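When a ligand or atom number is given, it counts from 1 through the structure's own listing order. In this chain, numbering begins with 1 at the start of the sequence shown. Please read all numbers here as calculations on a predicted model, not as lab measurements.
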Amino acid sequence: MQKHLVNYTTEAFRSAFQSEPDFFFLAPGRINIIGEHVDYSDGFVLPAAIDKYICFAVKKIDDSETCTFFAKDFNESFSFNVNQKQIPVKQMWANYLLGVFNAVQESGKKIGGVQIAFSSTIPMGSGLSSSAALECGFAFILNQIFGLNLSKKELALIGQKSEHTFAGVKCGIMDQFASVFGKEQQVIMLDCNTLDHQYFEANLDGYSLVLFDSCVKHTHLTSGYNDRRNDVDHGKKALWKRFPEVEKFRDFNFSMLEEVRTEIGETSFKRCIYLLKEIGRVEKAAKALSEGNIEYLGELLNETHHGLSTEFEVSCEELDFMVEETLKENGVLGARIMGGGFGGCSINLIKDENIIEAIENISIKYKEKFGIDMKVYRVKISDGIREYKRNEFIV
Ligand code: ADP
Ligand code: MG
């Protein structure tokens with residue numbers, strides 16, 4: 001599949017620039033096994049890079065001041081002068097790249113001329129972080145071909161900054177971190193505040209992670225997200241007022257939360273209890289994965305879905321239906337909504353021999369109920385952004 005994508009991107013490069021590319025880079029999308037909405041509450045997340053990529057075909061152009069992109073998936077080009085300051089533009093996809101350039105420029109580094117064609121197997125806007133792959137892929141390329149000496153952490157932060165400043169999305173750091181730091185067969189337990197992280201072996205042993213894309217995205221995503229943050233802040237304020245000695249939100253326990261329950265009200269209470277439980281589940285899931293205790297991992301995923309649906313209330317009819325029906329299938333150990341909520345994909349832990357049947361059944365039921373064709377992505381946990389040498393696929 002990578003070979004196909006690289007060949008396709010090479011063709012795109014040839015047709016856009018009438019020459020041969022010198023380098024190839026692959027920037028992966030990501031999944032998050034568990035740890036939803038805890039990134040802004042001192043929690044850990046458990047993402048991993050996957051085998052879906054944006055492929056970049058690249059040529060450094062000496063004595064040039066121009067950086068030119070060809071976005072094959074839109075059949076659109078964009079150029080800018082690398083010696084001038086850039087501002088956001090109308091072409092949305094170009095902003096993710098201009099934002100990276102801007103962050104690199106602000107850090108005092110200089111780049112030269114370059115031509116880049118890119119194309120992707122990461123679905124856009126489905127919650128697999130095609131945007132992080134785009135930003136961090138470009139940051140990685142600049143670092144490599146212009147010898148900028150940026151660390152992997154800096155590359156992830158540049159990607160996040162680009163998204164904040166040029167794309168206008170106030171995202172956390174998980175997506176960029178996973179795309180840069182991913183490792184084959186490993187999940188990353190990441191503290192989003194400190195960026196401390198630890199790898200855990202993903203022993204799935206006869207099971208796979210399969211994503212079902214509901215193809216719905218309810219528009220209240222942003223307002224829903226802000227409301228949840230307000231509910232959580234309300235609870236946190238009361239907790240810290242009562243227990244000022246506690247350092248991090250994750251160090252509060254359930255009985256402390258119970259003590260402020262009447263004061264904060266049921267809504268805030270539900271949001272906070274979800275977060276405390278979810279933070280605990282991430283550590284348990286990392287351990288379960290590395291010990292190959294897949295059944296327990298499945299239970300944790302199910303608990304998370306239940307929490308997201310009834311306590312944090314960020315699921316929706318389509319995803320609840322999908323998850324509920326998936327759990328009735330043979331060989332399914334866990335299913336949950338993945339990502340911020342109100343649509344997107346479910347992530348499902350299914351025994352290999354039962355995958356095809358589960359996909360068939362859920363597709364039919366989902367179509368019958370909502371009139372929508374769901375999409376399916378079978379994913380493997382893979383390496384983070386890397387240069388791809390052409391001889392890798394000469395067999
Ligand atoms: P997600 O990151 O979950 O896929 P986002 O809405 O954050 O969704 O990012 C999607 C946006 O990223 C697209 O609308 C587009 O602007 C940009 N993008 C992603 N992949 C590509 C691609 N292959 N070609 C051009 N732009 C892309
Ligand atoms: Mg994104």
J.: Using a 6.0 Å cut-off, check whether atom NZ of K152 has over 12 heavy atoms from anything other than its own residue.
T.: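 Yes.
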J.: Under a 4.0 angstrom heavy-atom cut-off, which atoms of ligand 1 come close to F74?
T.: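 In order of numbering, the contacting atoms are 25 (C), 26 (N).
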J.: Please list the nearest protein heavy atom to atom 3 (O) of ligand 1 with its residue and the distance rounded to 0.1 Å.
T.: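 Protein heavy atom with the smallest distance to atom 3 (O) of ligand 1: G127 N, 3.1 Å.
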J.: What protein heavy atom is closest to atom 18 (N) of ligand 1, reported as residue, atom name and distance in Å?
T.: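 Its nearest protein heavy-atom neighbour is L134 CD2, 3.7 Å.
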J.: Give yes or no for whether the N/O distance cutoff of 3.5 Å, strictly under, is met between M92 and ligand 1.
T.: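 No.
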J.: Just jot down the ligand 1 atoms closer than 4.0 angstrom to any heavy atom of D73, in number order.
T.: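 Checking each atom against D73, I get 22 (C), 23 (N).
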J.: Please state which protein non-hydrogen atom is closest to atom 24 (N) of ligand 1 and give its distance, to 0.1 Å?
T.: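 Nearest neighbour among protein heavy atoms for atom 24 (N) of ligand 1, to 0.1 Å: F118 CE1, 3.4 Å.
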J.: Does P123 come within less than 4.0 angstrom of ligand 1, counting non-hydrogen atoms of the residue?
T.: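 Under 4.0 Å: yes for P123.
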J.: Tell me whether the NZ or CZ atom of K365 lies within the 45° cone about the ring axis of F321 and under 6.0 Å from its centre.
T.: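 So K365 doesn't make the cation-pi contact.
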J.: Could you check whether the rings of F118 and F56 sit parallel, tilted or perpendicular, using 30° and 60° as the cut-offs?
T.: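 Ring orientation of F118 relative to F56: tilted.
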J.: Suppose we measure from atom 11 (C) of ligand 1 to each protein heavy atom; which comes out shortest, and what is that distance?
T.: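 Scanning the protein heavy atoms, the shortest distance from atom 11 (C) of ligand 1 goes to Y96 OH, 3.7 Å.
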J.: Do L209 and I33 have side-chain heavy atoms sitting under 4.5 Å apart?
T.: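 Side chain of L209 against side chain of I33, heavy atoms only: contact under 4.5 Å found.
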J.: Would D213 and K375 pass as an ion pair if we require N to O under 4.0 Å?
T.: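 The answer is no: the pair does not qualify as a salt bridge.
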J.: Considering only protein heavy atoms, which is closest to atom 13 (C) of ligand 1, and at what distance to one decimal place?
T.: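 Answer, as residue, atom name and distance: M124 SD, 3.9 Å.
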J.: Can you tell me how far apart SG (C136) and CG (D175) are? Round to the nearest 0.5 Å.
T.: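 Rounded to the nearest 0.5 Å, the SG-CG separation comes out at 9.0 Å.
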J.: Look only at interatomic distance and state if K217 has a nitrogen or oxygen under 3.5 Å from any nitrogen or oxygen of ligand 1.
T.: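 Looking only at distances, the answer is no, because the N/O contact criterion of under 3.5 Å is not met.
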J.: Using a strict threshold of under 4.0 Å (side-chain N to carboxylate O), is an ion pair present between E325 and K369?
T.: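 Result for this pair is no, no salt bridge flagged.
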J.: Would G125 count as being in polar contact with ligand 1, using the rule that some N or O on each side must be under 3.5 angstrom apart?
T.: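 There is such a contact, yes.
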J.: When you look at NZ of K170, are more than 12 heavy atoms from neighbouring residues, nucleotides or ligands closer to it than 6.0 Å?
T.: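 Enclosed.
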J.: Is there an N/O/S atom in S129 at a distance below 2.8 Å from the Mg ion (ligand 2)?
T.: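 S129 does not place any N, O or S atom closer than 2.8 Å to the Mg ion (ligand 2).
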J.: For R261, is there an ion pair with E259 - N to carboxylate O distance below 4.0 angstrom?
T.: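 No, no charged N to carboxylate O under 4.0 Å.
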J.: Nearest protein heavy atom to atom 26 (N) of ligand 1, by residue and atom, and its distance?
T.: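 Checking every protein heavy atom, the shortest distance to atom 26 (N) of ligand 1 gives W93 CB, 3.2 Å.
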J.: To the nearest 0.1 Å, how far is atom 19 (C) of ligand 1 from its closest protein heavy atom, and which atom is that?
T.: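 Here the nearest protein heavy atom works out to S130 OG, 3.1 Å.
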J.: Between S119 and ligand 1, is there a nitrogen or oxygen pair with a distance under 3.5 Å?
T.: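 By distance alone, the answer is no.
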J.: Please work out which of the three classes, parallel, tilted or perpendicular, describes the rings of H37 and F312, given edges at 30° and 60°.
T.: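 Rings of F312 and H37: tilted, 30 to 60°.
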J.: At what distance is the nearest protein heavy atom to atom 7 (O) of ligand 1, and which residue and atom is it?
T.: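 Going atom by atom, the protein heavy atom closest to atom 7 (O) of ligand 1 ends up being S131 OG, 3.1 Å.
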